[in-house]
Amino acid sequence: MSSESGPGKRLRKLPAMGDGLESTQMSSTQSQAQPQQSIAGNPSPPETSNPNRSKRLTNQLQFLSKALLKTIWKHQFAWPFQQPVDAAKLNLPDYYKIIKHPMDMGTIKKRLENNYYLNAQECIQDFNTMFTNCYIYNKQGDDIVLMAEALEKIFLQKISEMPQEEIEVPIQPTKGSRGRSRKEAGRVYLFLVLNLISLDCSQFENICL
């Protein structure tokens, strides 16, 4: 089966393409690729924020972040999928020639944190792309494929628990922005108090004179 299958499509048959990720190689994938920076031999990872893209939060996206992703992330088989595939370090020169739409849970996590997705289906599509990429590149029966299948089973189970109706919810300001707002309000208050004290002193001096 060709790797030209679009992102998000779930493959029924797992093709035996590439050399696969052997268990002795997989431990080296723990090194995290820096966001938006390309490693020698690797393309830049998918974007996780875009100032020209509208931000949106829904009840389903909250579920995907707080319930689904949190559960899968803690699984013992999750670590190879927590960052972009480092094809240069793993000596997989054909990986990005075969995989045209790379995806990983680290990217999904950052997109959820940045309110990048407009709806839950976009996030679900990224998960499906991640699993499909693994099945396309590796051989059926490889350790990495068995790990992906275990994670996908949990993924499908959690998806069935997601709220049926998607409802938009307000985006709450981050802790950092709340802290800055309080500091700015404190500065304004202090400025006003000092001005009042200065005004009172000048008036008192005029009365004495």
Side-chain angles (χ1 to χ4, degrees), residues 1-53 64-65 68-117 122-156:
M1 186 173 293
S2 170
S3 63
E4 293 179 355
S5 302
K9 292 186 179 180
R10 176 68 170 86
L11 303 184
R12 295 300 177 187
K13 296 182 181 180
L14 308 182
M17 295 183 65
D19 297 327
L21 297 179
E22 301 298 335
S23 57
T24 56
Q25 294 175 316
M26 290 191 300
S27 61
S28 62
T29 62
Q30 288 176 307
S31 60
Q32 173 70 46
Q34 294 299 318
Q36 308 305 324
Q37 292 181 1
S38 122
I39 301 174
N42 294 332
S44 297
E47 70 173 17
T48 56
S49 63
N50 189 332
N52 298 322
R53 182 181 172 98
L64 292 172
S65 177
L68 188 147
L69 179 62
K70 191 173 181 180
T71 299
I72 298 179
W73 190 275
K74 293 180 179 179
H75 194 277
Q76 61 178 335
F77 293 159
W79 60 267
F81 304 94
Q82 290 176 349
Q83 59 281 313
V85 172
D86 190 343
K89 194 167 186 177
L90 292 171
N91 192 25
L92 304 172
D94 62 345
Y95 184 82
Y96 288 108
K97 294 178 182 178
I98 295 172
I99 301 304
K100 302 300 184 183
H101 303 281
M103 186 52 58
D104 63 280
M105 287 198 298
T107 297
I108 294 172
K109 184 174 182 289
K110 290 174 184 174
R111 286 183 171 186
L112 285 167
E113 291 171 349
N114 294 333
N115 302 117
Y116 180 87
Y117 296 114
E122 288 185 351
C123 180
I124 292 171
Q125 184 177 7
D126 276 354
F127 272 105
N128 286 334
T129 298
M130 180 185 73
F131 292 126
T132 298
N133 289 345
C134 180
Y135 303 145
I136 287 175
Y137 186 77
N138 301 283
K139 298 175 183 178
Q140 186 173 6
D142 281 352
D143 287 346
I144 191 69
V145 170
L146 297 176
M147 295 167 81
E149 289 175 340
L151 295 179
E152 187 179 26
K153 184 177 179 180
I154 299 171
F155 168 76
L156 294 174

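Numbering of residues begins at 1 and proceeds along the displayed sequence.
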(request) Please test H75 against F81 for side-chain contact (heavy atoms from CB on, under 4.5 Å), starting from the C-alpha separation and ending with a verdict. (result) CA-CA 11 Å; H75 194 277; F81 304 94; over 6 Å; no
Please find the pair of heavy atoms, one from [X] and one from [Y], that lie closest to each other, and give the distance.
{"X": "P102", "Y": "P46", "value": "O-CG, 3.5 Å"}
{"X": "N114", "Y": "T48", "value": "ND2-O, 3.0 Å"}
{"X": "R111", "Y": "D126", "value": "NH1-OD2, 2.8 Å"}
{"X": "L151", "Y": "F77", "value": "CD1-O, 3.7 Å"}
{"X": "E122", "Y": "Y116", "value": "OE1-O, 4.5 Å"}
{"X": "I144", "Y": "P80", "value": "CD1-CB, 3.7 Å"}

(message) Once side-chain contact (heavy atoms from CB on, under 4.5 Å) is applied, do any residues pair with K109, and if so which ones, sequence neighbours excluded?
(response)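 Partners of K109 by the side-chain contact (heavy atoms from CB on, under 4.5 Å) criterion, ordered by chain and then number, come out as L69, W73, E113.
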Between [atom1] of [X] and [atom2] of [Y], what distance do you get to the nearest 0.5 Å?
{"X": "E149", "Y": "Q140", "atom1": "CD", "atom2": "CD", "value": "7.0 Å"}
{"X": "N133", "Y": "H101", "atom1": "CG", "atom2": "NE2", "value": "8.5 Å"}
{"X": "S65", "Y": "I108", "atom1": "OG", "atom2": "CD1", "value": "11.0 Å"}
{"X": "L68", "Y": "F127", "atom1": "CG", "atom2": "CZ", "value": "5.0 Å"}
{"X": "I99", "Y": "M130", "atom1": "CD1", "atom2": "CE", "value": "12.5 Å"}
{"X": "Y117", "Y": "L64", "atom1": "OH", "atom2": "CG", "value": "9.0 Å"}

(message) List the residues meeting side chain to side chain donor-acceptor pair (under 3.5 Å) with T107, not counting sequence neighbours, and say none if there are none.
(response)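 Checked T107 against side chain to side chain donor-acceptor pair (under 3.5 Å); matches are D104.
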(request) Apply side chain to side chain donor-acceptor pair (under 3.5 Å) to N50 and list each qualifying residue two or more places apart in sequence or on a separate chain. (result)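 So N50 forms a side chain to side chain donor-acceptor pair (under 3.5 Å) with E47.
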(request) Evaluate the ring planes of F131 and Y135, with Trp represented by its six-membered ring, and classify them as parallel (under 30°), tilted (30 to 60°) or perpendicular (over 60°). (result)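 Parallel.
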(request) Step by step, work out the side-chain contact (heavy atoms from CB on, under 4.5 Å) result for D86 and Y95. (result) CA-CA 9 Å; D86 190 343; Y95 184 82; over 6 Å; no
(request) Give a yes or no on whether the backbone of V85 and the side-chain of Y96 come within a donor-acceptor separation of less than 3.5 Å. (result)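 Yes; judged by distance alone, with no hydrogens or angles, the pair exists.
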